[in-house]
K.L.:
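Submitted below is the structure of interest, expressed as structure tokens.
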Amino acid sequence: MADTLTLFTSIGLSEQKAKETLKNETLSLALKEGIIQAQRVNGASGVDKAMGTLLYSMASRLKDNKRLVFLSDCIAQRKICTELQLAAALDFVKSHPEDPISQKEFDEACGVGVVITPEQIEDAVESVIKKHKEQLLMERYRFNMGLLMGEARSALKWADGKVIKNEVDVQVLHLLGPKTEADLEKKPKPQKAKVAENDVKAKKEEGTLNGDGNFVEGRSLMEQLRGEALKFHKPGENYKTEGYVVTPKTMDLLQKHIEFTGGQIRTRFPPEPNGILHIGHAKAINFNFGYAKANNGICFLRYDDTNPEKEEEKYFTAIKDMVEWLGYTPYDVTHASDNFQKLYDLAIDLIRRGHAYVCHQKGEELKGHNVPPSPWRDRPVEESLVLFERMKKGMFAEGEATLRMKMVMEDGKMDPVAYRIKYTPHHRTGDEWCIYPTYDYTHCLCDSIENITHSLCTKEFQARRSSYYWLCNALDLYCPVQWEYGRLNLTYTVVSKRKIIKLVETGVVRDWDDPRLFTLTALRRRGFPPEAINNFCARVGVTVSQTTTEPHLLESCVRDVLNDTAPRAMAVLEPLKVTITNLPKDTKVMEKGYKRLTPEQPVGLRHAGYVISVQKVIKDCQGKVVELEVTCCSSATAEKPKAFIHWVSQPLVCEVRLYERLFLHKHPEDPSEVPGGFLSDINPNSLEVVSSALVDTSVKDAKVLDKFQFERVGYFSLDPDSSADKLVFNRTVTLKEDPGKI
């Protein structure tokens, strides 16, 4: 280590910097190799500080170490002399992964041998200043000098930036003279123009008309996903992605891929049809379908139907319904089972290539990360081929044999299973197969078969990226790029299929679409508009890190949409009969809700044009107020009342369901927060049923899932339980106002 430290300080690194570098094993090895290679070219003392700086920069930024010797030679031979040239060199080797590198193309791309004279720099700067002379004289030193620098650099790509800056400073000083006191004063900030409310509304409408939809504060989802907003590779340039594995056949396969796709972006949403989609899936749907839509691409809905024991037709239907409900139309609906024969043939090929073997370790022995090496790993290829054929023919019991791949995953799991035996009929293929491929085997191959360009998945699949690339390359197939993004989590809820089933089985909720859950079917039943869910996904943003969000942020998006779209109606949840004794003929005003009206204080009837005053309070035998007799007068002649109350006349009797959070704690699955488990954290007041609420007759023709704002009460949606005899409304969200004023 002492020798390496001396080596690092010999190229101009400080002792502290050298010691810090030694802590990074990967960087240390690369830098050491680069220095030694440069010394082979120039001798032990021929690596000066300028060269050492470039070698350090190269070692810390180079992703493919097979180019390290080549670049070190270029630096040692002073072909690469500046950071600008080094950046170009790194870009060149990244975009040319195949051997051999064309030295001529490299030299042209990196400015090798290009000499920029002081006279050229002087002329270029003079030309730029002449172009902006009038504005320079007017704004003097408040002019954006960076503009001059940028234009001069564009004209002289390989010139030294410091030399250009010095020349700009000299010529500007010559033109303007020294700075005056006025030049030193701070430039006043321009006042922001006020945007009229109508302009904001027009902007929202314009976003929708242009097909962007999902308009929110800041950037819309489409703006976030469009073009360069995400640092994704362009179709066909998979090899430019960090961590992507390049083989001798990669470039030919990419060329064929581009010929097939025409350079179009292709994504997929690949749910397992063994449960109902939840709010986290909404982000995945928006990301996959939205990214394709924003960039004129296509997105497949592909069912990962490789586990027949847990799959049901109702899940297939519900998943497609939810995708379309959110406003997306799949380019095609496909199934992993469409490729069962092709996947089997590829497994045979994998065995023949020596990359897979039949193993007889039991299922329990294969779980976890500390799986012992299989004693069958070195089994002869022909033997594995025969045994795999016997697996297919049903000659083994379940769990008696599996097909495993010879590779180690990023999380340390060794030789993941590719095929297992299941004597369960498949919903599409029936009894044709008794062996089924696993996710680790199926997913990347189906992506390859469908020529997917961007395989977008949540962060928990990052540990499977290496197996994804390995399998495609082991079979010499086109290899898409896997990109991971942060999963969307909400507090006060659970979304695990197993836990939702437990909630249903124990009677805590009625089914997967119980409005207290955060499945998409539940949110739809509760009355959440799909636009609001999409807007919420846009506000959360496309992040790499995991995000945990409060439900009130989603509810805010719901209010924003319903405030603009939900028709208003009057409803009273706790009605009190009021008889107006002097109501003029042909006037329809009757029963109302009791708020703020007292024997001493008259109130106005909202939207009715009358002020009422209590004349008589009628009580039942328990002393409960059951009716009021009041008189009315026109609001045009009466003293302005202190309050107006909502009311209904000739109303419909309906049932109203008021929902609160299902769980008491933010993280019901966290043992440190809820030691007794999530079932012990149920909020006993999560559902209140008002069986005899009164609502205005204007809603009598409402259809299931129609939405309303019941004035001063909240936003409500008509539930599927409604009948001709009685309507049932779910409270979607409360109003923005303080609940104490409702």
Side-chain angles (χ1 to χ4, degrees), residues 26 29-30 33 61-71 89-102 105-106 232-261 263 265-266 339 342-343 345-357 377 381 403-411 413-416 418 437 439-457 461-484:
T26 303
L29 290 172
E33 185 177 347
R61 294 158 63 189
L62 183 64
K63 303 301 180 186
D64 184 3
N65 278 346
K66 76 175 184 179
R67 301 298 187 200
L68 191 143
V69 171
F70 173 77
L71 290 178
L90 290 168
D91 282 342
F92 186 90
V93 297
K94 187 176 183 180
S95 59
H96 293 75
E98 288 186 300
D99 289 324
I101 282 182
S102 167
E105 290 180 12
F106 176 84
F232 287 167
H233 69 283
K234 294 178 182 177
E237 295 185 353
N238 305 28
Y239 54 85
K240 290 188 176 182
T241 306
E242 185 176 345
Y244 188 81
V245 179
V246 176
T247 72
K249 296 194 176 181
T250 294
M251 302 310 286
D252 286 340
L253 291 167
L254 287 175
Q255 182 60 38
K256 290 175 183 175
H257 161 73
I258 286 295
E259 289 170 3
F260 180 84
T261 65
I265 284 175
R266 296 162 71 96
N339 301 307
K342 187 171 185 64
L343 293 171
D345 294 342
L346 289 171
I348 294 290
D349 191 16
L350 196 67
I351 297 170
R352 285 189 175 133
R353 291 169 180 252
H355 297 314
Y357 62 96
R377 197 173 198 267
V381 166
L403 182 71
R404 294 175 65 182
M405 298 176 280
K406 293 183 181 179
M407 59 90 60
V408 180
M409 299 176 72
E410 287 180 40
D411 60 2
K413 187 177 180 181
M414 190 171 182
D415 294 359
Y439 174 90
D440 288 321
Y441 178 78
T442 306
H443 186 67
C444 61
L445 296 182
C446 285
D447 279 354
S448 179
I449 291 166
E450 292 178 355
N451 272 282
I452 300 302
T453 57
H454 298 75
S455 181
L456 308 174
C457 57
F461 292 99
Q462 186 169 350
R464 288 165 153 155
R465 192 199 303 168
S466 58
S467 68
Y468 186 108
Y469 292 161
W470 176 87
L471 183 53
C472 289
N473 290 329
L475 290 166
D476 289 327
L477 299 175
Y478 159 70
C479 184
V481 178
Q482 176 173 306
W483 289 94
E484 301 91 12

K.L.:
Determine, for Glu237 against Lys234, whether the closest basic-nitrogen to carboxylate-oxygen distance falls under 4.0 angstrom.
P.N.:
no
K.L.:
On a heavy-atom basis, which atom in Ser448 and which in Leu477 lie closest, and how many Å separate them?
P.N.:
OG-CB, 3.8 Å
K.L.:
Taking the six-membered ring for Trp, are Tyr478 and Phe260 ring centroids under 6.0 Å apart?
P.N.:
no
K.L.:
Do you know which two heavy atoms are closest between Lys240 and Ser95, and how far apart they sit?
P.N.:
CE-CB, 3.4 Å
K.L.:
Before giving the answer on side-chain contact (heavy atoms from CB on, under 4.5 Å), spell out for Glu105 and His96 the whole-Å C-alpha distance, their side-chain angles and the decisive distance to 0.1 Å.
P.N.:
CA-CA 10 Å; Glu105 290 180 12; His96 293 75; 4.0 Å; yes
K.L.:
So, for Arg377 and Met407, which heavy atoms are closest and what is the spacing to 0.1 Å?
P.N.:
NH2-N, 3.9 Å
K.L.:
Using atom types as modelled and distance alone, determine if a side-chain donor or acceptor of Asn238 lies under 3.5 Å from a backbone N or O of Cys479.
P.N.:
yes
K.L.:
So how far is it from Asp476 CG to Leu253 CG, rounded to the nearest 0.5 Å?
P.N.:
7.0 Å
K.L.:
So which atom in Gly236 and which in Leu254 form the shortest heavy-atom distance, rounded to 0.1 Å?
P.N.:
O-CD1, 3.6 Å
K.L.:
For Tyr244 and Thr250, what are the C-alpha separation, side-chain angles and deciding distance, and is it a side-chain contact (heavy atoms from CB on, under 4.5 Å)?
P.N.:
CA-CA 10 Å; Tyr244 188 81; Thr250 294; 4.1 Å; yes
K.L.:
Short question: side chain of Lys342, backbone of Cys446 - any donor-acceptor pair under 3.5 Å?
P.N.:
no
K.L.:
Is atom NZ of Lys249 surrounded by more than 12 heavy atoms (other residues, nucleotides or ligands) closer than 6.0 Å?
P.N.:
no
K.L.:
Mind checking whether Ile351 and Leu403 have side chains closer than 4.5 Å, heavy atoms only?
P.N.:
yes
K.L.:
How close do Glu484 and Arg465 get, heavy atom to heavy atom, and via which atoms?
P.N.:
OE1-NH2, 2.8 Å
K.L.:
Between atom CG of Leu68 and atom CD of Glu33, what is the distance when rounded to the nearest 0.5 Å?
P.N.:
5.0 Å
K.L.:
Look at the side chain of Arg266 and the backbone N and O of Glu450, then say whether any donor-acceptor pair between them is shorter than 3.5 Å.
P.N.:
yes
K.L.:
To the nearest 0.5 Å, how far apart are CD in Gln482 and CD1 in Ile452?
P.N.:
13.0 Å
K.L.:
I'd like to know if the side chain of Tyr441 reaches the main chain of Leu343, judged simply by a donor and an acceptor atom lying under 3.5 Å from each other, with no hydrogens or angles considered.
P.N.:
yes
K.L.:
Looking at Glu259, I want to see if its CD is surrounded by more than 12 non-hydrogen atoms of other residues, nucleotides or ligands under 6.0 Å.
P.N.:
yes
K.L.:
So does Arg353 pair up with Asp349, basic N to acidic O under 4.0 Å?
P.N.:
yes
K.L.:
Can you check side-chain contact (heavy atoms from CB on, under 4.5 Å) on Leu62 and Val93, steps first, answer last?
P.N.:
CA-CA 9 Å; Leu62 183 64; Val93 297; 4.2 Å; yes
K.L.:
Could you walk me through whether Thr453 and His257 pass the side-chain contact (heavy atoms from CB on, under 4.5 Å) check?
P.N.:
CA-CA 9 Å; Thr453 57; His257 161 73; 3.6 Å; yes
K.L.:
Between Trp483 and His233, do the side chains contain an N or O donor and an N or O acceptor separated by less than 3.5 Å?
P.N.:
yes
K.L.:
Tell me yes or no: between the side chains of Ser455 and Asp447, is some donor less than 3.5 Å from an acceptor?
P.N.:
yes
K.L.:
So how far is it from Leu346 CG to Ile449 CD1, rounded to the nearest 0.5 Å?
P.N.:
6.0 Å
K.L.:
Testing the basics here: between Ser102 and Phe92, what is the closest heavy-atom pair and its distance to 0.1 Å?
P.N.:
O-CZ, 4.3 Å
K.L.:
Examine distances only and state if a side-chain atom of Arg67 and a backbone atom of Lys94 form a donor-acceptor pair shorter than 3.5 Å.
P.N.:
no
K.L.:
Does any non-hydrogen side-chain atom of Asp440 lie less than 4.5 Å from one of Leu471?
P.N.:
no
K.L.:
Rounded to the nearest 0.5 Å, how far does CG of Asn451 lie from OG1 of Thr261?
P.N.:
6.5 Å
K.L.:
Looking at Tyr468, Tyr239, Tyr469, Phe232, which hits side-chain contact (heavy atoms from CB on, under 4.5 Å) with Val481?
P.N.:
Tyr469
K.L.:
Verify whether the ring centers belonging to Tyr439 and Phe461 lie closer than 6.0 Å.
P.N.:
yes
K.L.:
Atom CD of Glu98 and atom OG1 of Thr247: how far apart are they, to the nearest 0.5 Å?
P.N.:
8.5 Å
